[in-house]
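Quick caveat: nothing in here was measured; it's all calculated off a predicted structure. For reference, positions follow the sequence shown, starting with 1.
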Amino acid sequence: IARLNRADPWGSGKATGAVNTLELVQNSDTKDGTLYAGSVSGGVWSRDYNGATDSWNEWQWLSSSSDYEGVQSISKLKVTKDKQWLIAAAGAVSSWNRIRGDIQEPLQLASLNPDGAFKQWLPNVENNQNLIKGKAVTALETTDDLVIIGTNTGLYVGEIDGQLKNIYATDLIQNIDSIAIGASGRVYVALRPGPAGVESDGGIYTTTISDLKQNPLSAWKVVEGSLEKSKNKTILKLSTTKDPISGKDILYLGTAAPAPAGGIYDFIYRVVYDDQSESQSWVTKEVKDKIGTDQADLHSSFAADPTDPNRVFAGGNFYAAYNNAFTGGLVAIKFDGINATLENHFPSPNQPTNAAGTAPHADSRDIAFLTTKTDTIRIIEADDGGIAIKDINLTAPWKFNLNEGGLRTTESFASDWSNIGNLAITAMQDNAVSITKYKSTPTWLNVTGGDGANTRFDDAKKENASGLSFAY
């Protein structure tokens, strides 16, 4: 029952279950590629894209094979720049009290074909993950031969040499919220302030990839101005792009205030980082109540626009301030040097035609970008309803065809079976309650909305003279 797909979720189209992380590999010429998806409790999936026909093959469940060693709760997926390796990281990302499974070794490496398509999982080297054993991964980045691992107790660096090996600790020992690698070859790491007694104010720290390779304990430099911006925050989201004028890294930072529960986006910052300067020129945009309503520590996404170095996309849980309490969507924050404007990629009473009146499921988690053969850029968004996709222009509709093709990532919390009519019922995290009649290809009917919790059939109800089963 856990592997199901159904229609009419919160939003405008078909839903499956929560997908937490996305990674897309594409050939720059043919645009052929592979989309990798890591789900909250359904493991690792892949789907090949055909650039010539602008079409998708069927989904493949990669973590169902016997050579996959990890749990099915996936926090991050990353493909190395040379497209040789996929790294899957386990985490505590479920909305159900961060259910995570029995994480032992949180990372596993897979080899890829020359085109970036999946080949096979590689066995973990014995004892090579002792430093991170049992830890949920909170952030992940890679180069060709390096993996940078964030946890809630610090930052670690691992080597890739035909296998994942030699993982080292760094001197960043607080909660790692996000990691980004700039075009300059610099690594940026966001630390949330440590608990009482731990000497850390949080902030963004940076070093170069070459220095990190030579010595994981190399000195990290704090990005000026980031300490104050990091205080008393529930998230510190990072994304980078390249400044076309100076060639320097543009660094975006999204933060969330701690209240209401789980936090809410409050500021988006942009800076062209100059590693030779003692001071940085940050531009600030206040966005409170504009990107989600709460739960930012779990339901938030953040990614720089690949078509515009002055724009970054952010997603929250849902948009009550726009009277769209049960739908999701992304907000584009466009900077002009001294300020920024917001573009809502979802409809609202004042902008009913945005995204052609469509919206994805609530609870955004990650963003990727696809380029078609005609150079159209598409946004791919992961959320608690699965995956949504749209052209990057503001009026283009959200579509939900990526939830079809065999993707089965639903978290079923409680299920029951009725012998009267051979019926099954299941309550799903954030995707309501569905019921089906047993047959070779079950069709699930959504019977309510919201968070499913408990479902039961009562086949023995005494006043049931008509021979029906009562569902609760």
Side-chain angles (χ1 to χ4, degrees), residues 22-26 28 31 33 78-79 81 139 141-143 178-190 204-206 208-209 223-226 229 235-255 265 267-277 279-287 290-291 300-315 329-345 354 364 366-372 374-381 389-396:
L22 299 170
E23 183 77 339
L24 178 66
V25 183
Q26 272 195 283
S28 58
K31 308 306 180 188
K78 287 295 175 181
V79 171
K81 189 175 180 180
E141 270 296 347
T142 65
T143 64
S178 57
I179 306 168
I181 296 179
S184 68
R186 298 197 72 86
V187 181
Y188 302 90
V189 178
I204 303 172
Y205 293 77
T206 184
T208 65
I209 293 173
V223 175
E224 188 275 332
S226 67
K229 295 172 177 58
I235 63 167
L236 301 172
K237 292 282 189 180
L238 294 178
S239 190
T240 62
T241 190
K242 183 178 179 179
D243 180 33
I245 299 175
S246 66
K248 295 182 173 68
D249 291 337
I250 296 174
L251 184 63
Y252 286 105
L253 169 65
T255 67
Y265 268 113
F267 292 99
I268 307 293
Y269 302 94
R270 181 186 185 272
V271 64
V272 180
Y273 181 67
D274 185 351
D275 64 331
Q276 301 299 313
S277 177
S279 62
Q280 305 296 327
S281 299
W282 292 87
V283 180
T284 304
K285 180 63 178 178
E286 184 176 1
V287 295
K290 303 298 184 183
I291 308 174
S300 56
S301 58
F302 199 65
D305 183 344
T307 69
D308 186 345
N310 297 309
R311 193 162 70 163
V312 64
F313 285 91
L330 299 179
V331 178
I333 303 93
K334 170 83 170 181
F335 286 83
D336 61 10
I338 57 175
N339 201 351
T341 55
L342 305 184
E343 296 177 344
N344 296 332
H345 285 249
N354 284 17
S364 187
D366 202 7
I367 302 169
F369 298 95
L370 172 80
T371 304
T372 71
T374 59
D375 290 327
T376 298
I377 305 298
R378 291 185 182 142
I379 308 167
I380 305 176
E381 188 235 24
I389 186 169
K390 75 182 293 291
D391 289 355
I392 202 167
N393 68 76
L394 184 61
T395 59

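For the pair Lys31/Asp375, a side-chain contact is recorded, criterion being any heavy-atom separation below 4.5 Å from C-beta on. Under the 4.5 Å side-chain criterion, counting only non-hydrogen atoms from C-beta, Phe369 is in contact with Ile379. In this structure, the side chains of Leu22 and Ile380 come closer than 4.5 Å at one or more pairs of heavy atoms. The shortest distance between side-chain heavy atoms of Lys81 and Thr142 does not fall below 4.5 Å.
Of the possible donor and acceptor atoms, none in the side chain of Thr255 sits under 3.5 Å from a partner among the backbone N and O of Leu236. Between the Gln26 side chain and the Gly33 main chain, no donor and acceptor come within less than 3.5 Å of each other. In this structure a side-chain-to-backbone donor-acceptor pair under 3.5 Å is present from Ser226 to Ile204. At distances below 3.5 Å, not a single donor-acceptor pair connects side-chain atoms of Asp243 with backbone N or O atoms of Val272. Side chain of Asn339 to backbone of Thr341: no donor-acceptor contact under 3.5 angstrom is found.
By the 30° and 60° cut-offs, the orientation of the rings of Phe302 relative to Tyr252 is perpendicular.
In this structure, the separation between CG on Leu342 and CZ on Arg311 is 11.5 Å, given to the nearest 0.5 Å. Summarising the geometry, atom OG belonging to Ser184 is positioned 11.5 Å from atom CD1 belonging to Ile250; distances are rounded to the nearest 0.5 Å. Distance check, rounded to the nearest 0.5 Å: CD1 of Ile268 to CD of Glu286 gives 11.0 Å.
Annotation: ring pair (Phe, Tyr, Trp, His ring centres under 6.0 Å) contacts of Tyr265 (sequence neighbours excluded): none. Applying the salt bridge (Lys or Arg N to Asp or Glu O under 4.0 Å) criterion to Arg270, with sequence neighbours excluded, gives no partner residue. With sequence neighbours excluded, the residues satisfying side-chain contact (heavy atoms from CB on, under 4.5 Å) with Thr395 are Asn393. Annotation: salt bridge (Lys or Arg N to Asp or Glu O under 4.0 Å) contacts of Asp308 (sequence neighbours excluded): Lys334. Thr208 is linked by a side-chain hydrogen bond (donor to acceptor under 3.5 Å, both in side chains) to Ser210, Asp211, counting only residues two or more places apart in sequence or in another chain. Judged as a side-chain hydrogen bond (donor to acceptor under 3.5 Å, both in side chains), and not counting sequence neighbours, the contacts of Lys390 are His345.
In the model, Thr240 has no side-chain atom that pairs as donor or acceptor with a side-chain atom of Asp249 under 3.5 Å.
Checking Ile179, Leu238, Val189, Ile209 one by one against Glu141, the side-chain contact (heavy atoms from CB on, under 4.5 Å) holds for a single residue, Ile179. When the options Leu370, Thr371, Val79 are evaluated for a side-chain contact (heavy atoms from CB on, under 4.5 Å) with Leu24, the one that passes is Leu370.
Shortest non-hydrogen contact noted between Val187 and Thr206 is O-OG1, 2.9 Å.
Heavy atoms from other residues, nucleotides or ligands lying under 6.0 Å from NZ of Lys242 number 12 at most.
Judged by the 6.0 Å distance and 45° axis criteria, Lys229 is not positioned over the aromatic ring of Phe267.
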